[in-house]
Amino acid sequence: MRRPLVMGNWKMNGSLVANQALLDALAPVATECSGIDIAVCPSHIYLPQVSSICEGSAIQVGAQNMCDQDKGAFTGEVSAEMLRDFDINYVLVGHSERRAIYGETDVQVAAKVEKALQKGLVPVLCVGETLEERKSGDMQQVIETQIRAVLQHSTIKAFAQLVVAYEPVWAIGTGETATPEQAQEVHAFIRDLLAQESAEIAARTTILYGGSVSAANADALFAMPDVDGGLVGGASLKAGDFAAICRAAQGSL
Ligand code: PEP
């Protein structure tokens, strides 16, 4: 059985004081929700702080991005080994904001996934369509292309270790959420795509939904058979909301 995962993407938010307060509030929730995995992804600069606060707790830590190279003249970048130095478990790869604002391509995303796996990190591969792509009927093609880039680079074996996050771009930070049925349709599509390569691995791959997940909609989303938890942006900055989302995942067991 797949273990639910709720992951907070703090994006470019937080401060030393705010991070401490948020994690203090979440610590008992993580203990209470022992049937699920919980992780938070702060900005790189706060990873040492957050990693140290979370040491020994049930909250795991992820980074929001990493470089696909090992070391050297890549100003401003952070390598997988540097993340490992701070006991980071997860790394978001190919978030739609990285793709849209910083021009990350499927090829770069696939290279990052491979590098993260090589270095013992769990990549969270973000995929999803824009509203235009959905309206024009290209949704499945777009998602298939994003997934196939990783299959081509790393084979289906990568999906035995990574996490997929389906995040429709039109639902991120907009307050507009995919309905549980819309999310289920795409999650099942992704799992079927993976099953063409290995039914066994497809059945084990964790697929998160992301896009305006909230305390109000988490129960219904997590009740869907192929939705294995959530990647949560805005609501992960509010302890009460994030706690309710974690409890919804625990309740889906
Ligand atoms: C995200 O940034 O991954 C995200 C899902 O954001 P939000 O929950 O705010 O839509």
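In this text, all values refer to a predicted model and were calculated from it rather than measured experimentally. Both ligands and their constituent atoms are indexed starting at 1 by order of listing. Counting begins at 1 with the first residue of the sequence. When reading the values below, keep in mind they use all heavy atoms of this one structure, side chains included, and skip hydrogens, waters and symmetry mates.
The residues E81 and K71 are annotated as not salt-bridged, no charged nitrogen and carboxylate oxygen being separated by less than 4.0 angstrom. Classification of D228 and R2 as a salt-bridged pair holds, one side-chain N sitting under 4.0 Å from a carboxylate O. Ion pair R148/D106 not flagged as a salt bridge, since none of the NZ, NE, NH1 or NH2 atoms sits closer than 4.0 Å to an Asp/Glu carboxylate oxygen. Under the 4.0 Å criterion applied to side-chain N and carboxylate O atoms, R3 and D37 are assigned as salt-bridge partners. Salt-bridge formation is detected for the pair E104/R98: a Lys NZ or Arg NE/NH1/NH2 atom is positioned less than 4.0 Å from an Asp or Glu carboxylate oxygen.
At least one N or O atom of H95 sits closer than 3.5 Å to an N or O atom of ligand 1. Backbone and side-chain nitrogen or oxygen atoms of G211 are examined, and none is located within less than 3.5 angstrom of a nitrogen or oxygen of ligand 1. The shortest N or O to N or O distance between E97 and ligand 1 is not under 3.5 Å.
With a 4.0 Å heavy-atom cut-off, ligand 1 is reached by the backbone of I172 and by its side chain too. Residue contacts with ligand 1, taken as heavy atom pairs separated by less than 4.0 Å, involve A171 solely via the backbone atoms N, CA, C and O.
In summary, the atoms of ligand 1 found under 4.0 Å from a heavy atom of L231, numbered by their order in the structure, are 3 (O), 5 (C). Residue contact check: G173 has heavy atoms under 4.0 Å from atoms 7 (P), 9 (O), 10 (O) of ligand 1. Residue G234 approaches ligand 1 through these ligand atoms, each under 4.0 Å from one of its heavy atoms: 7 (P), 8 (O), 9 (O). Close approach to N9 involves these atoms of ligand 1, each under 4.0 Å from a residue heavy atom: 1 (C), 2 (O), 3 (O).
In this structure, the protein non-hydrogen atom closest to atom 8 (O) of ligand 1 is G233 N, 2.8 Å. Remark: minimum distance from atom 3 (O) of ligand 1 to any protein heavy atom is reached at E167 OE2, 2.7 Å.
Ligand 1 lies within reach of S212, whose nearest heavy atom is under 4.0 Å from it.
Separating the CD atom in E133 from the CD atom in Q140 is a distance of 13.0 Å, to the nearest 0.5 Å.
Proximity of a side-chain donor or acceptor of Q161 to a complementary backbone N or O of A158 within less than 3.5 Å is not detected.
Residue I45 places its CD1 atom among 12 or fewer non-hydrogen atoms of other residues, nucleotides or ligands, all under 6.0 Å distant.
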